[in-house]
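In what follows, residues are counted from 1 in the order of the sequence shown. Below, each value reflects all heavy atoms present in this structure, side chains not excepted, and no hydrogens, waters or symmetry copies.
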Amino acid sequence: MRRVRLAALVAVYLLATLFAFGSALSILFELQGFPTGRDSPRKWYVALQVLALTACAAAPLVATRVLARDRSRTPAVIYLAAVVLVAAVMGIRVG
């Protein structure tokens, strides 16, 4: 049973990372006006992608709490630090 839980956690982390990368790229492309050449990005689309990015950050944390029954904050801190680092590298700013 432990191996099944571990495999499920790995799958959740990998899929969340993949979807988060796609959402971040989508936000970046929208803000740059690619591919239509718009001068102003669609605010509703950017807000929707930010919501998706937030869900991608929250899913592994919830899965860790439920599946691994890990009550420590170490996975949360590591994952959130990785999300902040990726956002900083991509030039995404809050505010």
Side-chain angles (χ1 to χ4, degrees):
M1 189 67 170
R2 183 169 169 85
R3 288 184 183 173
V4 173
R5 286 184 183 166
L6 182 62
L9 275 177
V10 169
V12 167
Y13 271 83
L14 289 175
L15 287 173
T17 304
L18 179 66
F19 290 143
F21 183 70
S23 293
L25 276 178
S26 179
I27 292 169
L28 184 65
F29 286 156
E30 182 68 25
L31 292 176
Q32 290 180 348
F34 181 79
T36 59
R38 286 190 189 104
D39 289 335
S40 61
R42 298 173 290 186
K43 293 185 187 290
W44 65 270
Y45 185 76
V46 173
L48 188 64
Q49 290 302 320
V50 167
L51 183 65
L53 191 60
T54 304
C56 289
L61 303 179
V62 171
T64 301
R65 290 248 179 195
V66 171
L67 292 175
R69 297 187 180 122
D70 186 8
R71 300 295 180 223
S72 71
R73 295 184 182 193
T74 305
V77 171
I78 291 171
Y79 193 72
L80 289 177
V83 169
V84 168
L85 180 64
V86 168
V89 167
M90 294 186 74
I92 298 173
R93 295 187 181 134
V94 177

TODO: Could you tell me which residues satisfy ring pair (Phe, Tyr, Trp, His ring centres under 6.0 Å) with Phe19, sequence neighbours excluded, listed by chain and number?
DONE: none

TODO: Quick one: pull up CG in Leu18 and CG in Leu14 and give me the separation to the nearest 0.5 Å.
DONE: 8.5 Å

Task: Nearest atoms (heavy-atom pairs only) where Ala63 meets Val12 - done: CB-CG1, 3.8 Å

- [ ] Could you tell me the separation between the CD atom of Gln49 and the CG atom of Leu28, rounded to the nearest 0.5 Å?
- [x] 12.0 Å

TODO: For Ala20, check side chain to side chain contact (heavy atoms under 4.5 Å, CB included) against everything at least two apart and list the hits.
DONE: Leu53, Cys56

Task: Hydrophobic cluster identity match, Val50 and Leu31, side-chain contacts under 4.5 Å - done: yes

